[in-house]
Each structure stands twice: as C-alpha cells, then as structure tokens.
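Only heavy atoms go into these numbers, but all of them, side chains included; no hydrogens, no water, no symmetry mates. As the structure is a prediction and not an experimental result, all values here were calculated from the model.
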Amino acid sequence: MLFRYRGSEGMLAWAFHRISGVAIWAFILLHVLDIWLANVNAKLYNDLLGLYGSPGGRVLETALGAAVLYHALNGVRIIIMDFWPAMTRYHKQLWYANWALFVIVGIPFVLQIMAPAFGLRAPFSFGG
C-alpha cells in the first residue's frame with residue numbers, strides 16, 4: 001500500500017485550489033491569444049469563436065466556470081480561517097459548506113451554458 005492516499009479534506013482543498021488556479025491561468029493565456037488574434041486575423045478569430053460555441057467549447061467553458069467558482073469559494077474559506085483562526089477547528093465543515101455552495105451556485109450556470117449545446121433554450125434570458 002505504498003501509494004495509498006492518506007490526505008483528507010485539507011489536502012484535497014489545497015490540491016483543488018492549485019489545480020483550479022492553474023486552469024484559470026491557462027484560460028488567461030488563451031484569452032490574451034484570442035484577443036490578439038482579433039486584431040491580427042479576423043477570420044481565424046471568428047472561426048475560434050465558432051469553436052468556443054460548439055458543444056466541446058461549452059464543456060470547456062463550463063469547466064472554466066467551475067474552476068473560477070471553486071477557486072473563489074475556497075479563497076473565501078481560506079480568508080475566514082486566516083481572519084478567525086478559531087475557525088480552523090471547523091475546516092472540514094467549511095470545506096463541505098464550500099462544496100454545497102459550489103453545487104447550489106454552479107447548477108444554474110451549467111444549465112445556462114450547456115443548454116444550447118443540446119439544442120435547448122437557455123433557462124435565463126438577459127437583455128433583449
């Protein structure tokens with residue numbers, strides 16, 4: 001059992017925080033590239049936008065939203081424990097609350113982003 005995982009919620013929170021941070025950083029690099037592309041090659045930029053709107057692009061967009069949401073919620077959890085050190089006794093409960101909020105807030109966003117990929121109307125409409 002040399003490779004048996006011995007961590008717990010704190011280690012998973014740390015790992016997911018780092019992974020989500022790297023994913024957000026990768027998106028920022030891609031975003032800078034596509035904004036640059038808008039000025040250099042408009043046709044290629046429009047093709048890239050078509051890729052973003054495809055079902056695969058929507059899955060990646062949903063994954064990005066999940067990374068941003070998890071990173072933000074876990075950051076708030078870390079801030080709570082930094083400002084109120086007594087809360088570190090409840091770090092597991094805070095982590096589970098983090099996941100509960102992640103699901104509650106995330107599901108409407110997943111539905112909004114993924115509905116068009118399945119030919120459905122998005123549940124929320126904004127503007128005209």
Side-chain angles (χ1 to χ4, degrees):
M1 289 291 142
L2 179 63
F3 296 109
R4 185 166 180 257
Y5 175 72
R6 293 183 184 89
S8 63
E9 291 84 355
M11 182 65 188
L12 288 172
W14 176 85
F16 290 158
H17 197 74
R18 296 320 186 268
I19 291 166
S20 64
V22 169
I24 294 165
W25 176 78
F27 166 74
I28 290 171
L29 290 179
L30 179 63
H31 184 62
V32 168
L33 175 70
D34 69 23
I35 294 300
W36 171 80
L37 197 57
N39 291 319
V40 174
N41 187 338
K43 184 189 177 328
L44 190 55
Y45 175 72
N46 287 332
D47 292 343
L48 186 61
L49 287 182
L51 180 66
Y52 289 163
S54 71
R58 288 184 177 277
V59 168
L60 291 175
E61 188 176 345
T62 301
L64 170 67
V68 169
L69 180 59
Y70 176 80
H71 200 78
L73 291 173
N74 195 56
V76 170
R77 183 185 72 86
I78 292 168
I79 289 169
I80 288 170
M81 290 188 298
D82 281 349
F83 281 102
W84 297 281
M87 293 300 287
T88 56
R89 280 184 253 148
Y90 305 104
H91 78 92
K92 287 182 183 183
Q93 291 87 344
L94 287 171
W95 194 63
Y96 289 121
N98 185 19
W99 280 109
L101 279 172
F102 178 82
V103 170
I104 291 167
V105 172
I107 286 176
F109 284 98
V110 170
L111 294 174
Q112 183 73 18
I113 293 170
M114 291 305 297
F118 296 108
L120 302 171
R121 192 173 62 82
F124 312 104
S125 63
F126 304 97

Show me, pair by pair, the donor-acceptor contacts under 3.5 angstrom made by side chains of residues 17-28, not counting sequence neighbours?
from: His17; atom 1: ND1; to: Asn74; atom 2: ND2; distance (Å): 3.0
from: Ser20; atom 1: OG; to: Phe16; atom 2: O; distance (Å): 3.0
from: Ser20; atom 1: OG; to: His17; atom 2: O; distance (Å): 3.0
from: Ser20; atom 1: OG; to: His71; atom 2: ND1; distance (Å): 2.9

Quick note, salt bridge (charged side-chain N to carboxylate O under 4.0 Å, His left out) partners involving residues 88-115, not counting sequence neighbours, are Glu9-Lys92
Interatomic distance, CE@Met81 vs CG@Leu94, rounded to 0.5 Å, equals 6.5 Å
Output for pair (Leu69 CG, Asn98 CG), nearest 0.5 Å, gives 8.0 Å
Residues 55-83 vs salt bridge (charged side-chain N to carboxylate O under 4.0 Å, His left out), sequence neighbours excluded, gives none
Tightest non-hydrogen contact, residues Leu12 and Tyr70, listed as O-OH, 4.4 Å
Output for pair (Phe83 CZ, Ile78 CD1), nearest 0.5 Å, gives 12.5 Å
Practice problem: State yes or no: do Val76 and Trp84 share one hydrophobic cluster built from I, L, V, M, F, W and Y residues joined by side-chain heavy-atom distances below 4.5 Å, directly or via other members? | Solution: yes
Residues 33-52, side-chain donor-acceptor partners within the protein, below 3.5 Å, at least two apart:
from: Asp34; atom 1: OD2; to: Tyr52; atom 2: OH; distance (Å): 2.7
from: Asn41; atom 1: OD1; to: Lys43; atom 2: N; distance (Å): 3.3
from: Asn41; atom 1: OD1; to: Leu44; atom 2: N; distance (Å): 3.2
from: Lys43; atom 1: NZ; to: Asp47; atom 2: OD2; distance (Å): 3.1
from: Asn46; atom 1: ND2; to: Ala42; atom 2: O; distance (Å): 3.3

Name each donor-acceptor pair under 3.5 Å that joins a side chain in residues 99-117 to protein atoms two or more places apart or in another chain, with its distance.
from: Gln112; atom 1: OE1; to: Phe124; atom 2: N; distance (Å): 3.0
from: Gln112; atom 1: NE2; to: Phe124; atom 2: O; distance (Å): 2.9

